[in-house]
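Notes follow the structure.
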Amino acid sequence: MIRVRFAPSPTGYLHVGGLRTALYNYLLARRHGGKFLLRVEDTDRTRLVPDAVDNILDNLRWADIYPDEGVGCQPEGEHGPYTQSQRLPIYRKYADQLLEAGLAYRCFATAEELAEMRQNHGGYDRRYRDYDVAEAKKRADAGEAHVIRMKVPVGESLEFDDLVRGHVRFDSNQVDDQVILKSDGFPTYHLAAVVDDHEMEITHVIRGEEWLTSTPKHLLLYRFLGWTPPRFAHLSLVVNIQGKKLSKRDGDVSVNEYREQGYLPAGLLNFLALLGWSNGDNREVWSVSDMEKVFALERVHPSPAVFDFDKLRHINQQHLFAMEDTAIADLLPEWFTKAGLPVPERDYLVRVVGLMKQRCSLLPDFVGGASYFYQDPESFDETTARKRWKPESGELVREFADRLQALPGWTAVELEASLRELCEARGQGAAALIHPVRLGVSGVGGGPGLFEMLEVLGREVCVRRLRKAAEVLK
RNA sequence: GGCCCGGUGGUCUAGUGGUCAGGACGUCUGCCUUUCACGCAGAAGAUCACGGGUUCGAACCCCGUCCGGGUCACCA
């Protein structure tokens, strides 16, 4: 049984790169009928962000890639607790075990000493590695602050087969005697992750490339503890156009921001999946449930990927196009509320969606980008007015408004017939009225087919707006 | 700087010895249309980072170089 985990640290909000990592983990679990767990790695008390866990949970729920086990589940599961700060005795136990086995040692170097070592010879000089054990214990028992470091063997080759990068080899001489238990009694990432991954029976560790170089330490820890390591898959980073790790300076990096801009979770997820994964068949539009059926780490490739906003928008639009008008309409009320507009009646909204769908790529496009369906235009686009509003337009529009007032039916077909009839009677081409009417009724030069638009808008609204436009424009 | 990973049009990618190097986004052109968009048709855009090999034949295999990134914390 495959068991994978997404293990964010609550030092900030969920990042798009984090969501991609979570997605790949989730997909692998689904593909093989395994379990996807969520573990919170909060061992750094200095960087904790109070509502980070809530944010991560909330965004995962939004994306619908919710864990099967762990934080956020009710109950959490049998391998808990899944929050590292609640597992301190466990880490302590293993640290002690390593101490007793002589695979780790107490180190009393102060922050000042370490800073000096870094300056002078570029790293910890292992000064306590061979320090007398009894003496060290005595100092520790006396309450002296210290950390526990792992005793990394000298001159060994540490290698493993990464599922996305292939064979990777490190020289143990490059690995420092990593701190595994801090002086505050909390474990570092290295110990905590290894212990938890083992105890939680994780089979595949899928994480970002930034962890690649610490994998040899983890391998050593597994060996020291007598455990079999899981398989590893190191994902490339999501980078900006300059090739650097995507950061706040590059714009929107937290999932929240995409959510607030009105991207569909399906669109964001699809786009993120494509940043490093492809099925090899030229298909690009995928639902999560379709990806679940075919996802394979072998098809994830190792080079970094640039986050391309245009492509994201396009993928999102594809998902929008694939949705039923009613389903889109169901998502819209909150966007009206956000825009400070009353929520239109549902049937009306569904009709608007039908007309606007091809013209929208984000949810708020149906609101702000179609405002004339909900409010009379406050102004008329100047460029369009200059181009389309002729001296005789006012009179023509006024006449058309009168006709609409009296028109027996109100279908697009009847509206069109009426307009063309009037134009013919006045010796004008239809365009002479079509464009001014569009401008008058919507305030802008583009939009859905005019007659469908008038039909949806309704008689009263059209007549009112046209009369107003004929007055205002000249 | 040491170590590690990466390198196919601007971007995401397909491709593991023989194809005109395929697809998508974006860009441009045309068609459609009452407009915008969608859609359709087409175009431009790649010395497959570079240099050596191996081979009858390399984007694909080997070596070197360059460039980019990651990592070297009592952060994850």
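Owing to the predicted nature of the structure, the values given are computational and were not obtained by experimental measurement. When reading the values below, keep in mind they use all heavy atoms of this one structure, side chains included, and skip hydrogens, waters and symmetry mates.
Using the Watson-Crick or G-U wobble rule with both distances under 3.5 Å, B:G18 pairs with B:C56. Pairing partner, B:C67: B:G6, with both Watson-Crick or wobble hydrogen-bond distances short of 3.5 Å. Across all strands shown, B:G30 forms a Watson-Crick or G-U wobble pair, both distances under 3.5 Å, with B:C40.
For the pair A:Arg426 and A:Glu399, the salt-bridge criterion is met [side-chain N within less than 4.0 Å of a carboxylate O]. Looking at A:Arg283 and A:Asp281, no side-chain N of the basic residue comes within less than 4.0 Å of a carboxylate O on the acidic one, giving no salt bridge. A salt bridge links A:Lys293 to A:Asp290: one of the charged nitrogens lies within less than 4.0 Å of a carboxylate oxygen.
Distance noted for atom C1' between B:A76 and B:U13: 31 Å (whole Å). Nucleotides B:G30 and B:U35 have their P atoms positioned 14 Å apart, rounded to a whole Å. For B:A49 and B:C56, the C1' atoms lie 27 Å apart once the distance is rounded to whole Å. For B:C61 and B:C48, the C1' atoms lie 16 Å apart once the distance is rounded to whole Å. Between B:G7 and B:G39, the distance separating the two C1' atoms is 37 Å to the nearest Å. Across the P atoms, B:G70 and B:A14 are found 22 Å apart, a figure rounded to whole Å. Atom C1' of B:G26 sits at a distance of 38 Å from the matching atom of B:C62, rounded to the whole Å. Distance noted for atom C1' between B:U19 and B:C75: 50 Å (whole Å).
If you check every strand for non-hydrogen atoms under 4.0 Å, A:Gly276 touches sugar and phosphate atoms only. At the heavy-atom level, A:Arg207 lies nowhere under 4.0 Å from the strands shown. A:His301 comes within contact range of the sugar-phosphate backbone alone, with a heavy-atom separation under 4.0 Å but no base atom that close.
Between A:Tyr105 and A:Tyr131, the distance from one ring center to the other does not fall under 6.0 angstrom. Note: A:Phe295 and A:Tyr24 meet the aromatic proximity criterion, with ring centroids under 6.0 Å apart.
A donor N or O paired with an acceptor N or O is found under 3.5 Å between the base of B:G23 and the side-chain atoms of A:Glu284. Residue A:Arg359 places a side-chain atom within donor-acceptor reach of the base of B:C36, judged by atom type and a 3.5 Å distance cut-off alone. Between the base of B:C4 and the side chain of A:Thr213 there is no donor-acceptor pair shorter than 3.5 Å. With hydrogens and angles left out, the side chain of A:Arg47 and the base of B:C75 share a donor-acceptor pair within 3.5 Å.
Comparing B:G26, B:C12, B:U34 against the side chain of A:Asp310 picks out B:G26 as the nearest.
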